[in-house]
Amino acid sequence: MTPWAAHLPPGLAPDDVHLLAAASLPGSWTARWAADPAHPTVHDDREGWITADELEHRSRAVAGRLAHAGLVPGERVLISAAASVELVVAHVAAIRLGLVVIPANTGYLEREVAHIVTDAAPSLAVVDDEERGRWIAAAAGDREVLVVGTDVAIPDGPDPAWLDGVGSDDPAILAYTSGTTGSPKGALLSHGNLLSSAEALRLAWRWSPDDRLVLPLPLFHMHGLGVGLHGTLTAGASVVLRRGFEVADTLGAIGEHQATLFFGVPTMWSRLASSGRLDELRALRLGVSGSAPLAAALHEEITAGSGQRLIERYGMTETVMNVSNPYDGDRRPGTVGLPLPGVDLRLAEGTDEILLQGPNVFSGYWQRPEATAETFVDGWFATGDVGALDGDGYLRIVGRRKELIISGGYNVYPREVEDVLRAHGDVIDVAVVGLPHPDWGEQVIAVVEGAPGPTSEADLLALATAGLAAYKRPKRVVFVEALPRNALGKVVKGDVVDQVR
Ligand code: MLC
Ligand code: AMP
């Protein structure tokens, strides 16, 4: 039996599943808009609801402006802004035009933004912050980059001839991630990658036009963008955007909008649980957790307090969504469930690294053939995560081969933080590690070899504040006489954790 058959709604067989039938994201979305133009589709507090028809017309108009400004399919557009209807319109317009969207964290500082601009050479940037716009223009240097606000207030143009003309192999999103090691690389995701994943979730989670998602996740990472927004549009459903997560705001929006769906990272679920207000989630049809491990005890606490049996699922920038607990059947705490429709999964011999294949798996890193080659083993994408399979095929994520800290659902690459701190004169060497933490899941700690001077800790934190987005900064600096090293002189991270735990 196909392992993912367990995800399908009753009456649907694997042979009936055609994840790429709509060919592209616009292929899927425009069919939804035509079928029910009056459907309330996207909501923010400034504009209220816009309908499917309004989204179609507004994104068409923005696409006309972008084409009139000279943008052609394949050119990159960097988008970095808080969630809003305007942002969604700009994103959908770019996608319909065949542009390649680079979603960038709004917390990035100049150094982090400049790296992306230099690497991806965007022709357009959509930002909600003038300073960020200046950083982008400066990093682009002599290369022309058009910087606009989320309203894309540039002259109108006619409907572009190639609107909605993209196919499944055409690129749609260039998402920056450090992957296993090194500086951030752009993972190039095609329309087929994103569509197949959104379709798989639509089937697996029974996502229907009647669903209403409250979404406080940012739209610059896969969870908010590839799952929350694309999933909503692919299902012809509705989404209520929030500008960040705060317990009272989220619960208020869920109540006010009679939400049926809520997706969060474990830090959000843990804050909801600590609020004592879990009962307010009772009316949801489905709650989902992902992006970092959800502790089994928290999973049970949420069930007890809200009646919601969460679905935990597993995804990645390079692959969108891979594995999920089933809608019907056992939603098993401590596991991420079974491969989603279309996804093949196996564990590597000897290391148990999780390997993936499927229409959701990206084709490679932007202009990094070597990094791409390293991450594919005989055609299988090597995730850097280590897994174990229960007897009946449920996947547990039991470790990581890559050096990665996941804090509040955001990925922090120790190497990047270490490089920034090493600039300080008092630092002989530094190891950045993640320690278990009740709110963040893992907390970033810098362990510094070198004698602390009177202001060393403050100086180090100032370096971090100047060079790193807030979520990457060490929450604590610990000085040690010597970092633990192996016979080759290499710092042993596991021993560093023991040293400071
Ligand atoms: C914010 N801070 C963080 C942080 N988020 N520090 C560490 N880790 C984080 N995740 C900083 C703030 O800037 C602030 O710094 C201080 O910590 C306290 O912030 P806060 O007010 O408590 O944080 P808050 O704004 O409430 O944000 C917490 C959060 C947010 C959990 C809501 O981090 C968040 O939205 N996380 C979700 C990230 C996400 O979308 N991940 C999906 C990746 S996709 P200062 O200096 O100002 O005091 C992916 C694939 C998949 O992984 O499978 O989904
Ligand atoms: P990113 O590269 O930001 O997309 O992060 C992807 C990584 O998040 C994966 O490789 C996993 O290590 C981790 N991840 C995502 N979902 C889960 C989950 N449910 N449990 C444990 N780790 C997860």
Side-chain angles (χ1 to χ4, degrees), residues 82-83 103 105-109 175-180 184-185 187 189 197 201 215-229 231 242-247 249-250 263-272 288-296 299 310-325 333-337 340 353-354 356 360 362 375 381-387 395-413 417 434 437 439-445 461 464-465 468-476:
N105 195 313
T106 52
Y108 286 161
L109 301 184
Y176 275 76
T177 169
S178 285
T180 40
K185 306 182 273 286
L189 290 147
S197 216
L201 295 181
L215 188 65
L217 288 156
L219 296 182
F220 42 72
H221 285 304
M222 229 17 101
H223 199 162
L225 187 66
V227 181
L229 180 64
R242 310 305 302 166
R243 293 172 74 93
F245 174 83
E246 200 268 312
V247 167
D249 179 82
T250 292
F263 308 155
V265 298
T267 300
M268 294 176 180
W269 286 110
S270 144
R271 291 183 186 181
L272 285 166
V288 179
S289 178
S291 306
L294 181 72
H299 198 300
L310 297 190
I311 280 186
E312 182 174 5
R313 58 62 180 173
Y314 162 54
M316 255 186 107
T317 302
E318 289 91 334
T319 59
V320 202
M321 293 299 116
N322 303 311
V323 180
S324 171
N325 272 277
T335 80
V336 290
L340 279 161
E353 181 168 3
I354 300 167
L356 296 165
N360 57 313
F362 81 140
T375 196
F381 173 66
T383 58
D385 294 310
V386 179
L395 178 70
R396 290 174 192 274
I397 299 177
V398 295
R400 289 182 207 134
R401 298 191 76 205
K402 54 192 171 192
E403 259 212 63
L404 167 67
I405 301 167
I406 307 184
S407 170
Y410 279 135
N411 287 4
V412 181
Y413 298 93
V417 182
H437 188 270
D439 184 41
W440 299 120
E442 291 176 288
Q443 190 179 44
V444 177
I445 310 286
L461 292 176
T465 303
L468 297 164
Y471 68 90
K472 300 178 188 172
R473 295 173 199 153
K475 303 279 187 213
R476 194 152 65 88

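In listed order, ligands and their atoms are each counted from 1. In what follows, every heavy atom counts, from backbone to side chain, and hydrogens, waters and symmetry copies are set aside.
- Applying the side chain to side chain contact (heavy atoms under 4.5 Å, CB included) criterion to Thr317, with sequence neighbours excluded, gives Ala175, Thr177, Ala187.
- Under 4.0 angstrom from ligand 2, there are no non-hydrogen atoms of Leu294.
- By the criterion of a heavy-atom distance under 4.0 Å, both the backbone and the side chain of Pro293 are placed next to ligand 2.
- We find that Arg401 and Asp385 are not joined by a salt bridge, their nearest charged nitrogen and carboxylate oxygen being 4.0 Å or further apart.
- Close approach of ligand 1 to Ser407 (heavy-atom distance below 4.0 Å) involves ligand atoms 7 (C), 8 (N), 9 (C), 10 (N).
- At a heavy-atom cutoff of 4.0 Å, ligand 2 is contacted by the side chain of Glu312 but not by its backbone.
- Residue-level proximity to ligand 2 for Ala292 is carried by the backbone, the only part with a heavy atom below 4.0 angstrom.
- The nearest protein heavy atom to atom 53 (O) of ligand 1 is closer than 4.0 Å.
- In this structure, atom 5 (N) of ligand 1 is in close contact with the protein, since a protein heavy atom lies within 4.0 Å of it.
- Note on ring orientation: taking the six-membered ring where Trp is involved, the planes of Phe362 and Phe381 are perpendicular (angle over 60°, cut-offs 30° and 60°).
- For atom 3 (O) of ligand 2, the candidate residues are Asn411, Val398, Thr383; the nearest heavy-atom contact is made by Asn411.
- Residue Met222 has at least one heavy-atom neighbour below 4.0 Å for each of these atoms of ligand 1: 44 (S).
- Neither the backbone nor the side chain of Glu318 comes within contact range of ligand 1; no heavy atom lies under 4.0 Å.
- Nearest-residue assignment for atom 34 (C) of ligand 1 (options Tyr314, Tyr410, Phe245; heavy-atom criterion): Tyr410.
- Counting only heavy atoms, the protein never gets under 4.0 Å from atom 21 (O) of ligand 1.
- Here the heavy atom of the protein found nearest to atom 11 (C) of ligand 1 is Lys475 NZ, 3.8 Å.
- Listed for the Gln443 side chain is no donor-acceptor partner under 3.5 Å among the backbone atoms of Ser407.
- At a heavy-atom cutoff of 4.0 Å, ligand 1 is contacted by the side chain of Met268 but not by its backbone.
- For ligand 1, the atoms sitting less than 4.0 Å from at least one non-hydrogen atom of Leu217 are 40 (O), numbered in the order shown with element in parentheses.
- The closest non-hydrogen atom to atom 22 (N) of ligand 2, taken over Asn322, Ile397, Asn325, comes from Ile397.
- Contact annotation for Thr317 and ligand 2: heavy atoms of both the backbone and the side chain come within less than 4.0 Å of the ligand.
- In this structure, atom 29 (C) of ligand 1 has its sub-4.0 angstrom surroundings free of protein heavy atoms.
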